[in-house]
Each structure stands twice: as C-alpha cells, then as structure tokens.
2 protein chains.
Amino acid sequence: MPRQVDHDERRREIAEAVWRIAAARGLEAVRMREVAAEAGVSIGRVQHYFESKDDLVAFAATRLRSRIEERIRRHAEDVPEPRSPLLVLRALLTGLLPLDADGRETALVGLAVFHRALSDRELAKLYQRGRARLVAEVMSHLAAAAAAGEIPERIDPRLETYALLAATDGIATDLLHAHYAPETARALLDRQIDGLRNAPPPVRGAGAPAPPGVAPMAP
Amino acid sequence: MPRQVDHDERRREIAEAVWRIAAARGLEAVRMREVAAEAGVSIGRVQHYFESKDDLVAFAATRLRSRIEERIRRHAEDVPEPRSPLLVLRALLTGLLPLDADGRETALVGLAVFHRALSDRELAKLYQRGRARLVAEVMSHLAAAAAAGEIPERIDPRLETYALLAATDGIATDLLHAHYAPETARALLDRQIDGLRNAPPPVRGAGAPAPPGVAPMAP
DNA sequence: TTTTATACAATATGTTTGTATTGAATCCGC
DNA sequence: GCGGATTCAATACAAACATATTGTATAAAA
C-alpha cells in the first residue's frame, strides 16, 4: 500500500480553497493555479485529487447543501425553550441569511452556484434537489405552527412557504450588497413571519406544483 | 467627413448581441469573437466601436437600468382606470418579474450584472444608483397609498419598501429557475401587497438608512 | 530486497482569450 | 479625381488557461 494519506481530507482541503476563491471573486475566478496557490499546494497535487476542473468545482458545489443544512440545524438548536414551531421556523430562515462571516461565504457560493445552475444542467439538478428539501422542511414547520394554533389553520402552506423563501432570498441578496443593516434584515424577516397571522385562505390553482419547466438558459 | 454611419446605433446593435449571449449563458460567456458572430459582424468592427471588452460589457450593463425603467413605465401605463396608488405599485413590481421573454432576458442580465457587481466596484456603483431610484419610486407609491387610505398611514415606508422589493426579487429568482408557474408568482406578489393592509407601525431603528457598506467581495 | 502502486512536483502542450497591427474599401470636401 | 479621415476586415500575437506528460520519492507488500 502507498503512503498513508487521508484522501477525502485532502480533497476537502482543496475544496475549501475553491470556496474561499468563489466567495471572494465568484466561481468564474476559480483557476487551477489559484486553487493550488490558495490551498498552498502544487497544481500537480490538485490534479492528482481531481480529474478535471469541472470535477473540482462540482465537488465544491456539492458541499453547499450539507453546509446549508448544517447551518440550519445549528440555528434551530439554538432556539431557547419553549420552542414553538414558528420560533424554530424563524431560526431556520435566519440561518439562511448572511449575517456572519460563514453565512456570507455560504450565501456567496450559493449565489454563484445558483447562477451557474442556470446554464449547467447537472448543477441545476443538484440545486433543485436541495431546494425541494428546503421547501419540504419549511412546509412542515408551517403545518406544525398551524396545528399549534400559532397561525390560522386555513392557510395555503405551499404558497406561504414560497412567500417565506422568496422573502428570505431577497433579503439575503440585499444583505450581500449591504443595502441595509443586519437589524433591518431581521426586522424584515420578522415582519414577514408576522404576516402569516393574517394569511388568506388557499387560492384555487395558485399553489400548483412546479410547471413543465421553462427552459432556463440555453443548453 | 467619413462614411455616413450612425455611431450610436452601431454600438447599440453590438450591445444587443452581448445581451443575447449574457442572457443565454451568463456574462462570463461573453467573448469578443462570439459577440461579433452573434451580431453578424467582424471582430474588427466590434473593436472599432469599443475600446476594450470591459468597455463593451460596461456599455451593455449600463443599458440595464433604462431597460428596466422602460418596462416599469410600460406596465404602469397599462393599469386601467381608476388607477389607485396600490394598483400602480402592483403593476410596477409585476414589471420587474420575468413573466415574458423580454422580462426574462432583462432578469437574467440583471442577475448577471448584480453578481458581477459583487466584485466589480464600478458596476457596484451603477447598480446602487439604479437600486436607489427604485427604492425611491416604490416608497413614493407607498406614501401615496397611505395618503389615499389604501393602507394604514402609520406604516414604516422604508421597511415596507424593502420588504416588497425583497419579495419581488425572490419571486423573480424562483421564476428564473421555474420553481413554480407565473400564476403562482402573481399570487405571491398579490399576497405580499395585501399584507400591507395589516402592516405594523415603524420599529425604532429598523428602517435605518444603509450602513457603512460591508465590503462585498474582495477587490 | 525487490516490487509496485500511490502521491506528488515540474514542465510541456495546445487551445482560447483579448488585443495590436496592417491594409483596404468607402465617402466627403475640394 | 484627389486627399484624407473613417470604417472595418483579416490576421498576427502574447498571455492565460486546463490538461498531458514525465520523473521521482515514498512506503506497504511480496
């Protein structure tokens, strides 16, 4: 057997460098040379652990979901007792906002991946899957909140989930550009969640499932 | 005098090609050669009308604002009488959504420009200016709606503006990825606007002006 | 000890890129 | 019809890039 090296660990180290570059200057700025330099290794090493640049970027992108879900979990756990479904939901959504350095990096890489997914079918599939899980989780919290009487029972869970996620996404976007302060972001999120108490009943046809996909960018 | 050629018109033609490529495959896919091919002209011509690629991309990006504002104007004019401030506001926000081919192209280029602005100071300034105008316009409609009694008078106009724009942005983003149907998007927007009727009073400190910019990506 | 697969580093290769250069065609005032 | 500026096509070129190739060190296995 060869020299004892933790293969996965090495790959993760290099992927970290990709993250740092992607967060700082976008996925397009990811160069093999720079990744090597950022990771403090030779370009030969990077090549050894990744067949191609695409392979490297794909691996780094794959880690996005686990990173996001870890952030969500961490935030949810920090909710003090008694934990109402709505409070947990708020923590979850807050976890998606770039309010700290790690969150900012995650959001920046997320944006880059999202953007690239518009013209990369493989990445798009990955992205859709992550999004579906997020939608499902938010919806379940919403249902729990409705059951607990925190919000009206006769809401449209899917529509409200979309509304919450859209708002969170928009706020995150604004934070990346520093359009306003973190406190404003929190206030906006609270305002949105508060709006659930006056949520209207389901609208026929509005909460319909995803349509037969409009082709995003050209292939 | 030289050959009679409408200089600006030529530049605009070439910029159109940039738009088409950027919408289809992102700003990063914009190559001098491809722009020339897409516009059906020689590389030499592209070079003649634009000093550099940066110059070309910057010019194309500059047209974003006018294009967005034109869309907004068009949508606002289509509102049937009697035009209440809230109806006009809804039309304005709807105009920002990628609900038709032109809107989709605008949104895609907008996203590309926005993304690049995160690491391009010049572009960032341009983007900020456009955003400021948008915020001002939405806020004025909100004030008008409050004055007309369509929504509570004691709302926080700036915060509500941010909420509306964030929601619109998030919905637009979801539409680009075809996460749901256009009707759902409209329902979401209506839901958001409806929420204004139950808007809370201003929160101390929340609607504060933009902070001393957190540095976006590294320079 | 010899073998063999791994783990790299160093360098070569060929493509893609923006841009510089060169020169020809066009049109206007004269 | 001549001169000179404008327009723009063709091509050349250097830099940047991903990747292929080659060589060497290491350490477990035989």
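Lettering of chains follows the sequences in order, A, B, ..., and the numbering in each one begins at 1. Side chains are part of it too, since the values below use all heavy atoms of this structure and drop only hydrogens, waters and symmetry mates.
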Check step by step if side chain to side chain contact (heavy atoms under 4.5 Å, CB included) holds for A:Arg67 and A:Asp102.
CA-CA 10 Å; A:Arg67 193 132 165 191; A:Asp102 176 81; 3.0 Å; yes
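- Using a 4.0 Å cut-off on heavy atoms, the residues of residues 10-18 of chain A that approach DNA chain C are A:Arg10, listed by number.
- Going from atom NZ of B:Lys53 over to atom P of D:dA15 covers 19 Å, rounded to whole Å.
- A salt bridge between B:Arg116 and B:Glu122 is absent, with no side-chain N of the basic residue lying under 4.0 Å from a carboxylate O of the acidic one.
- Between the NE2 atom of A:His48 and the C1' atom of D:dA25 there is a distance of 13 Å, given to the nearest Å.
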Give me, pair by pair, the N or O atoms of the protein and of nucleotides 10-12 of chain C that are less than 3.5 Å apart, along with how far apart they are.
none

Decide yes or no on salt bridge (Lys or Arg N to Asp or Glu O under 4.0 Å) for A:Glu9 and A:Arg12, but give the supporting numbers first.
CA-CA 5 Å; A:Glu9 175 58 23; A:Arg12 234 172 292 128; 2.9 Å; yes
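- When the nucleotides C:dG18, D:dT7, D:dT19 are ranked by their closest atom to the side chain of B:Met32, C:dG18 comes out on top.
- Nucleotide D:dA18 holds its P atom 13 Å from the CD atom of A:Glu28, rounded to whole Å.
- Using cut-offs of 30° and 60° for the angle between ring planes, the B:Tyr127 and B:Phe114 rings count as tilted.
- In this structure, A:Arg31 contributes its side chain and A:Glu28 its backbone to a donor-acceptor pair below 3.5 Å.
- One atom, CD of B:Glu34, and another, C1' of C:dG18, lie 13 Å apart when rounded to the nearest Å.
- Distance, B:Glu9 CD to D:dT7 C1': 16 Å, rounded to whole Å.
- Nucleic acid contact class of A:Val30 (heavy atoms, under 4.0 Å, all strands): sugar-phosphate only.
- Between B:Arg31 atom CZ and D:dC17 atom P there is a gap of 12 Å when expressed in whole angstrom units.
- Using modelled atom types and a 3.5 Å distance limit, the side chains of B:Arg45 and B:Tyr49 yield no donor-acceptor pair.
- Residue pairs meeting the salt bridge (Lys or Arg N to Asp or Glu O under 4.0 Å) criterion with at least one partner in residues 85-96 of chain A, sequence neighbours excluded, are A:Arg90-A:Asp190.
- The existence of a salt bridge linking A:Arg191 and B:Glu160 is confirmed by a sub-4.0 Å separation between a basic side-chain nitrogen and an acidic carboxylate oxygen.
- The distance between atom CZ of A:Arg45 and atom C1' of D:dA25, rounded to the nearest whole Å, is 14 Å.
- Atom CZ in A:Phe50 sits about 19 Å away from atom C1' in D:dA20, given to the nearest Å.
- Applying the salt bridge (Lys or Arg N to Asp or Glu O under 4.0 Å) test between B:Arg20 and each of B:Glu105, B:Glu13, B:Glu34, B:Glu38 identifies B:Glu38 as the sole match.
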